Every structure is written in structure tokens, then in C-alpha cells.
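To find a chain, count down the sequence lines: A is the first, B the second, and so on, and within it residues start at 1. Worth saying up front: this structure is predicted, and the values here are computed from it rather than measured.
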Amino acid sequence: MKYPFEEIEKKYQEIWENDGFFEKKKGEKHYLLEMFPYPSGKIHMGHVRNYVIGDVVARYKTMKGFNVLHPMGWDAFGLPAENAAIEKGVHPVKWTEENISCMKNQLKKLGLSYDWNKEITTCSPNYYRWNQWLFLKFFEMGLAYQKTADVNWCPKCQTVLANEQVLDGACWRCEAKITSKSLKQWFFKITEYADEMLDHKLGKWPENVLVMQKNWIGKSKGIEIFFKEKKTGKTIPVFTTRPDTIFGATYLTLAPQYPLVDELIEDAPNFSEIKEFIEKAKIRVSPDELEKEGIFTGRFAINPVNNEEVPIWIANYVLMEYGTGAIMAVPAHDQRDFDFAKKYGLPIKIVISNQELGIKDHRIDRAYEGEGVLVNSGMFDGMESERAKEAISDWMEEIGIGVRKINYKLKDWLISRQRYWGCPIPIIYCSECDTVPVPEDELPVVLPLDTKPGQNLWEIEEFVNCKCPKCRQPAKRETDTMDTFVDSSWYFLRFITPSCETKLVLKEEADYWMPVDQYIGGVEHAILHLMYARFFTKVMRDLGLISVDEPFTNLLAQGMVIKDGAKMSKSKGNIVDPDSIIERYGADTLRLFILFAAPPEGELVWNDKGIEGCFRFLNRVYRLKDKVEERDHKEDRLYIPINKTIKAVTDDLERFSFNTAIARLMEFVNEIKNNIPKGIFEKFLLLLFPFAPHITSFLWEKGKISDSPWPPYDEDVIKEKEITIIIQINGKLRGKITAPYDLEAEEIKKRAVLSVSDKLKTSPKNIIFVPNKLVNIVL
RNA sequence: GCCGAGGUGGCGGAAUUGGUAGACGCAGCGGACUUAAAAUCCGCUGGGGAUUUCUCCGUGUCGGUUCGAGUCCGACCCCCGGCACCA
């Protein structure tokens, strides 16, 4: 037996299409947002999960009387569109538009309550002109700059990538191995906000997301110490977090790319050997495959704390991008330096003593990296390393051989992409005036649409050639486009006034709606998108666009959808198509199952059988319509259960425990035996409505169910008059009694002892009483 | 290696502050209805033993705190996620 979900869902989706969802403008504001999708073709179960969670919250909050903003849009620039153009000969515009219309249709078939009047599409000039406008603002503020750097290059995507977009040495999108390339590129100075981004003081974010971001930012406090090269007297600064080990520095190591290297080795007898090593060492290998190797330069440096000469080496494990590109090696107290020193027979000098390692024993077999008392460290001998760090730093700064410094792992965000299907960077290069920003009133720089598949912007002369805005002489446009993560770093602001032509957002409206009260999306964006969006928010605040420090007050990081032990994906061939499920069971069943199968933060294991249970449940609900009776409901035996259910479902929704909320609804239906009074049935329908809006709309009969407020519960009824008291003997369950609510302790204890008297071999030593819960008799 | 989250029946998962472990659903078993099947409805369903309402064991392992521990503390084991020569 199946209820006629096709007709029901079609009917109500048509009604919603015409009526919309959010006409009323009263109550406290609630900005609810789910991560907008890339229009890749069809929605997948991950989308369904994300958007169904959002929809339940939207409908619940609306019923609770909030003024809800719940918009949806499209993250529409990106590489798959270009690949499709090359493979199928369809223009990215057409491909994207078709996908959007298909996916929008799918979202509607799920019964999602979006305010489609606020829809945005990042590839439309009306949207990306503000992308360009923000770029110009960043440029004015010195937050957008160009530099030549060794950058991550994906040979398959034929473009550069930001650091965050390289996973395990491979491209985040196509998994091709990343190579290095030296290019002049545009960067956003995200590092300027590194410190502020370490704290998220607003609302509730999952701990693991905050920790991941913190690790990514990777703040470390230390000191730059100035070594001098002996022959030339040139300064080689090294960064360390362990100044307490400075007396144990027995050699220096430079990154292969270190600028001074060429000069240092020019008169070395084994010059060509060193050169060869450097070229080999420059090739990036993943850390676990890399054997630590190095070569002596023939030169020495002076350790400024004791004027000792230490050899200068070049090693493949020293990174040019972090710190100064040069390190002081303390083999006794750093495992990497230790391995290296052992391999090349370099001296190992212990300067931190500890219980495990005798200070006189020089044949240690590993580095001691912990804290301890300083030895062999001149006037700092006997000091605790924690104190010595400060004392040595103070002293170094005083005599000018070092300066305290904070380093971050976080790098500036490389935003140039050598791709066509993206937002053009609004910059013009003029032989006279150099780098000139496109004037604001000439925005947008429109992406030319009359192109052939695979054609790049630099191949389109009409685009490239232009006039310099300053001197009106012929000039050339920047032909790189922006990383698509730029588009999604501020879209939550555009949703507020999406069609405003004069401003990115109207200030008063932004002040009303921002920040987003609840953001919902996959954990996979914990670093990339969420960090970029926080960065943009802080810049937009400094620009005076908004008054908030953070974009998203609360974050719900939803788990992945799994089948056969792996994330659902086309390449693994384990996808379940939402359309086929809707066709078979209807959208309400799909919505219910995806919420019921797992708590939102956890992984959801797809089970073809499990969905049957939700379908059966909705069929039972449907059949209830024949059991509804017109009669007084306050006296009915279901009156207490429905009130308990209202309380439970309300509490569960407040803490996003959708799976248990649905279980409560199922329990209630299991309670109904022969019939149900209409008043109680209606309350039940209101509770079920956010989860299964179609079937509940149908069963509601009178008017629109969505106009009804969330039902309150009767406090008096919930407090039961007769309650069950657990009786334990020595903490083990031995019986139960029922007693009036709040019956006094002595009376309960008396009854409890009496009820288990045959099991009491000795008289009780102690009786623990927890009001309205249990009695524990201790023998 | 470091950081984070977790380990509960055959399975997905409940147990919100330490107080009836296993709600709800799936799968399974038995029964009703039916000529039969499907659907539906009812009952059982952590393990062992007595077979009736009794009893022992049981939330990764070992120990601790407590009248009482899935929940708190300590040590260890195992999975998952993130970062990984960051000096």
C-alpha cells in the first residue's frame, strides 16, 4: 500500500510556487543559510542532507514566529564548466544555465522553502561586478598585491592553486600531482588578519573546525637570531621557537632556494656538485618520501652568543617559505637536526639536561625535545628552559643580536587563476602607468561570452586590448581570473539585497540581517571556504560595509553521506540518485529518512532498506485520517502523550536532534490504537510539518498549515500525578513502585523497603533517595 | 609524530545534569487476516542459565572515584577526520 504522494507533492509544490514562503515581516530576525552548491549537473545526497536540515530549521523558526531569511543561489564559476565545454562542445554559460535550471527544479521537488526572489548566481555580471569592486577596495587598502613566487601549479587544471587547495601534494579538485612554477600572481593579504582569525568569539562553532583553522593559521612565537657569515660579514637571520637551545647550535642550514646561496658557493671547489644538489633539492617531494640530504657550502657562520664558528649547510628539508629560509640546527634537541647530524657526522652538543638523558653522555640515540635545565650555556646555565627562552630573548634584543618575531604557517591567499570561466581581475597594464585599477564606474569588466571551447582570455584580442584609464594610451587587461573561492567569500551579504544596482549591499539591511544566525554545510569546507569568508567579513567591516566581526554566528557542520564504506561519489560508483528515491517514495519520505538515519554532524550510512521504515511511517500517518474523530480532546487518553511529544520534539529541534525528534513522532503514532481526536491530530500534524511538509499540508484540510504557529504544550499535564520510582539494592535494579508526584521522602523510602522486603537479608545501612526517580537501598 | 572526534545488540542509532542501558527504525522470528501472496495488524527479539513475574553477565581493555558509572578520573588498545619536515 502506498499513499498518493505524487499527487500530494505536486499539488503543494504548485501552491508554494505561487504563494512563496516569507511574506510576513515580523518577529525577531533569523538569517538561515546553507552553503550554496556548484551547479555541476544534478544534486546529490550530500546536497539533499544539507538542504533538508536547513529547510526543517527554516520551517520551524518561521512557525516559532521568527522573520526568517532563507535564500539559495549558485556558486556558478568553476572548472567543470570549462571541461564540459571542451568535452561536449557546450559553452560554459549554456552548460551552467542548464544545470542551474535542472538543479533548481530538483530542489523544488524536495519541497524546500527558499525565497527564490533572492536567488543569486555568481557568474552573472550583476554579481561579479561586486567581486571586482571588492578587489579594487582590497587593492586600495593594500590587501591585494602582486608578487612573483614559486606557486602550486596543477598541470591537469592548467592553473595555479592556493596552499589550502593542495591536499597531500595533489589538486583538491582533480587529484593531479602539484608541481612548482615561478609566476607573477595576485595575492590577498589574509595574513594581516591571522591573529584576529584565531578566535571565534561569536555563537557556537564545532570545536574541531576551530581547531583545524587554528592549526592552519599556525601561530608560533619565537625570535630571529642574526648569525654572520664569516667571510663576507653578511647577516643570516634564523627563526627559532627555542632560543633556550642556542648554545647547542652546531651548524646552520639553508633552504636550496636561499638567496645568498649562489654567492656563498661561487668559489667552492666542488661548485658543480653543490649546484647539482641544489637543483635536485628544489624538487618538492612529499615529506614521508623525502630522505634528508644536504651538502656543505664550505663557508662558516658565527654564532652571536658565543662567537663559535659553525659550518653552513644546504639541506632539502629546510623550507624557503617559512621563517627566514635558514635555520640554526640543534641536533641534541631537534630530531630532524639529529638525524641529519648523525648522517653527516656533525657535532651534537647537549644544552638541556633532563632525567632521561645524563648530561655527560654524548652518545644519545635521539634528540631530547622537551624542557629542562640549561647546561653548557654560559651565563644561562642552571636556568629552566621556559624561563631561559625569555631571558635569552631579552638579552639578545638588548645587545642587538636578535629580535622577537611571530611566524604563521598561513600564507597569503593566491587568487589568480589561469582560467577562462571565472571573474576577470579588474586590472589594466599600461607601459607608461604600470598597474592601473579599472575605475569603479567602468565595472563590471565583462567576461566575453563569444568564445570557443577551451579558449583562454589572453587569446581574445578584443578583451585584452584596451585603453589605459589614466593616460588613454593602448594598454592590456589582466587575463587571469579570480579563484572561485573569492565569489563565495561574501555571497551571504549579497543575499540581503541581491538586486541592488548601486551598492554591494544596503547598509541598513545588512545591519538588520547580519550576521548569519545559522550556517549549515559540510565539514570539508572547515578550512577553505569558512576561513576565507571570515577573512572577507573582517575586511568588509573595515571598509564600513557591515558592522559585524564574524559572518556566521552558529555553524552546523554536517557529516558526509556514506554508502558501502565510502563517501558517495561518481568515481566510486556508489551514488544513490535522489530523483529515483523521490520517484519511488516521495520527497517527504526522503526528507524523513535522511534526518532519521543519523545525527546531523555524524556520517550518514545510506541503507536502501532503512528508507522503507520512513515510508511505512508516512503511510500510517496518511491512514490516520480515517481514525480522526470530532470530540473533546482534553479528556482523551492521547492528551498526555501529545503534550509530552510536543515538548520532546521542541527540545530536540532546538538542539538539532532531528533523528530523535522523528523517533518521538513515531512513538506517538504507535500510541494511537483505534482513533484520535481532531484537536490532537492537528497538533501532531504541526509537529510533523517541518519534516514532511507535503503530506501534513494535505491532511490539514482547513487553510494553510504553514500559517499556524508552533504548538505550545500544557505544562500541567506533563507533570504526571503518578510516577514510577526505581528501586535499587546496592545500585542494582530490584523493583519498581508507583507513587504520587512529589510524595515526601520518608513515605517513599518506607514503601520502597516494603516492596522488596523479601529480598532484604539484612537491614539497610543507608537509603539514597532521588526525588521522583529512585530509591537505592544500601545493605 | 601532533591535534581533534569517537568505540553501545546482527545493523543505523537512543540514553540532555552520574540514577530503569539498548528509545525509534532496519533486519530476524512467531502469530492474525487471506484460497495464496503482497500489504496491514499483534507479539518476541543483547548474551547465558532457571523457563512465570527469577537470576548472572553486559556500553573497546584494565584500574579508580561513587550508594550508584555508557556518562567522571588515570593508563592502554582500536577506528575515523585534520595537519605533517612550520624549525
Side-chain angles (χ1 to χ4, degrees), chain A residues 1-2 167-168 206-216 218-220 222 238-242 245 253 285-288 290 292 315-319 321-330 333-337 339-340 369 407-411 523-524 526-527 559-560 562 592-593 596-599 601-614 616-617 619-620 623 648 651-652 654-655 657 659-670 673 724-736 759 764-770 772-779:
Chain A
M1 155 65 216
K2 69 177 181 101
L167 310 169
D168 277 329
E207 192 58 29
N208 60 329
V209 172
L210 292 175
V211 169
M212 275 194 235
Q213 293 200 357
K214 194 178 163 213
N215 290 345
W216 190 262
K219 179 179 182 170
S220 48
V238 301
F239 176 74
T240 181
T241 54
R242 293 295 304 269
T245 64
T253 319
V285 190
S286 75
D288 43 313
L290 185 74
K292 281 187 191 58
N316 59 356
Y317 70 96
V318 178
L319 304 170
E321 313 88 82
Y322 186 77
T324 62
I327 61 165
M328 64 175 207
V330 185
H333 305 292
D334 183 297
Q335 193 56 40
R336 295 159 301 177
D337 298 341
D339 295 341
F340 192 84
E369 297 183 330
N407 262 312
Y408 298 91
K409 272 172 64 180
L410 181 73
K411 306 273 173 359
V523 242
E524 62 272 21
I527 294 175
M560 293 187 298
I562 304 287
L592 217 55
F593 176 66
F596 181 64
E601 300 91 342
E603 282 179 352
L604 188 150
V605 181
W606 186 267
N607 177 340
D608 287 326
K609 276 279 162 39
I611 196 161
E612 301 262 1
C614 290
R616 274 201 278 267
F617 170 68
N619 274 297
R620 278 219 289 283
R623 272 183 264 120
D651 291 349
D652 283 348
E654 288 294 339
R655 63 188 178 109
S657 183
N659 53 335
T660 53
I662 292 167
R664 298 295 197 169
L665 294 170
M666 288 173 168
E667 266 178 279
F668 177 75
V669 170
N670 291 343
K673 302 292 175 199
T724 306
I725 303 277
I726 303 308
I727 301 161
Q728 297 180 332
I729 298 173
N730 288 337
K732 288 188 176 172
L733 178 69
R734 282 296 177 269
K736 291 171 198 179
K759 287 169 191 161
K765 266 193 224 140
N766 190 15
I767 298 176
I768 308 284
F769 171 64
V770 182
N772 299 318
K773 266 203 178 127
L774 66 81
V775 174
N776 186 12
I777 302 163
V778 186
L779 296 179

Base, sugar-phosphate or nothing for A/Pro206? Non-hydrogen atoms, less than 4.0 Å. nothing
Taking atom P in both B/rU65 and B/rG30, compute the distance separating them and give it to the nearest angstrom. 49 Å
Using only modelled atom types and a 3.5 angstrom limit, is any donor from either the side chain of A/Asn776 or the base of B/rC67 paired with an acceptor on the other? yes
Working to the nearest 0.5 Å, report the span between CZ of A/Arg664 and CG of A/Asp651. 9.0 Å
Here the gap from A/Arg620 atom CZ to A/Met666 atom CE, rounded to the nearest 0.5 Å, amounts to 8.0 Å
Could you say whether A/Thr240 or A/Ile768 is positioned toward the 5' end of RNA chain B, judged by the nucleotide with the nearest heavy atom to each? A/Ile768
Show the distances under 3.5 angstrom between N or O atoms of the protein and N or O atoms of nucleotides 54-59 of chain B.
unit_1 : atom_1 : unit_2   : atom_2 : d
B/rC56 : OP1    : A/Arg734 : NH2    : 3.3
B/rC56 : OP2    : A/Arg734 : NH2    : 3.2
B/rC57 : OP2    : A/Lys732 : NZ     : 3.3

For A/Asp339, check salt bridge (Lys or Arg N to Asp or Glu O under 4.0 Å) against everything at least two apart and list the hits. none
Going by the rule side chain to side chain donor-acceptor pair (under 3.5 Å), which residues pair with A/Asn766 if we only count those two or more places apart in sequence or in a different chain? none
Tell me, do A/Val330 and A/Met328 make a side-chain contact under 4.5 Å, heavy atoms counted? yes
Rounding to the closest angstrom, what is the interatomic distance between B/rG31 and B/rA50 at atom P? 25 Å
Using the test side chain to side chain donor-acceptor pair (under 3.5 Å), find all partners of A/Ser220 that sit at least two apart in sequence or belong to another chain. A/Tyr322
How far, in whole Å, is B/rA5 from B/rG58 if one measures between their P atoms? 29 Å
Tell me: NZ of A/Lys411 to C1' of B/rC83, nearest whole Å? 13 Å
With the side chain of A/Met212 defined as its heavy atoms from C-beta on, choose the nearest nucleotide among B/rA84, B/rU16, B/rG81. B/rG81
Tell me the partner of B/rC54, counting only Watson-Crick (N1-N3 plus N6-O4 or O6-N4) or G-U wobble (N1-O2 and O6-N3) with both under 3.5 Å; none if nothing fits. B/rG49
Please set out all donor-acceptor pairs under 3.5 angstrom arising from side-chain atoms of residues 725-733 of chain A, sequence neighbours excluded.
unit_1   : atom_1 : unit_2   : atom_2 : d
A/Asn730 : OD1    : A/Leu779 : N      : 3.0

Mind checking the P distance from B/rA21 to B/rG46? Whole angstroms is fine. 14 Å
For A/Phe593, give me all partners under ring-ring contact (aromatic ring centres under 6.0 Å, His included), at least two apart in sequence or on another chain. A/Trp606
Quote, to the nearest angstrom, the P distance that separates B/rC41 from B/rG47. 25 Å
Rounding to the closest angstrom, what is the interatomic distance between B/rG70 and B/rU17 at atom P? 16 Å
Would you classify A/Val318 as touching base, sugar-phosphate or nothing, given that sugar-phosphate means primed atoms plus P, OP1 and OP2, and contacts are heavy atoms under 4.0 Å? base
Separation of B/rG81 P from A/Ile527 CD1 (nearest whole Å): 15 Å
Hey, what are the protein-to-nucleotides 20-26 of chain B N/O distances that come in under 3.5 Å?
unit_1 : atom_1 : unit_2   : atom_2 : d
B/rU20 : O2     : A/Lys736 : NZ     : 3.2
B/rA23 : O2'    : A/Glu667 : OE1    : 3.4
B/rA23 : O2'    : A/Glu667 : OE2    : 3.3
B/rG25 : OP1    : A/Asn670 : ND2    : 3.2
B/rC26 : OP1    : A/Arg616 : NE     : 2.9
B/rC26 : OP1    : A/Arg616 : NH2    : 2.7

Give one of base, sugar-phosphate or nothing for A/Val770, where a contact means two heavy atoms less than 4.0 Å apart. base
Whole-Å C1' distance, B/rG28 and B/rC77: 33 Å
Kindly write out the residues that satisfy side chain to side chain donor-acceptor pair (under 3.5 Å) with A/Asn607, not counting sequence neighbours, or none if the list is empty. none
Please give the distance between the P atoms of B/rG18 and B/rG25 as a whole number of Å. 29 Å
Please list, chain by chain and in numerical order, all residues satisfying side chain to side chain donor-acceptor pair (under 3.5 Å) with A/Lys773, sequence neighbours excluded. none
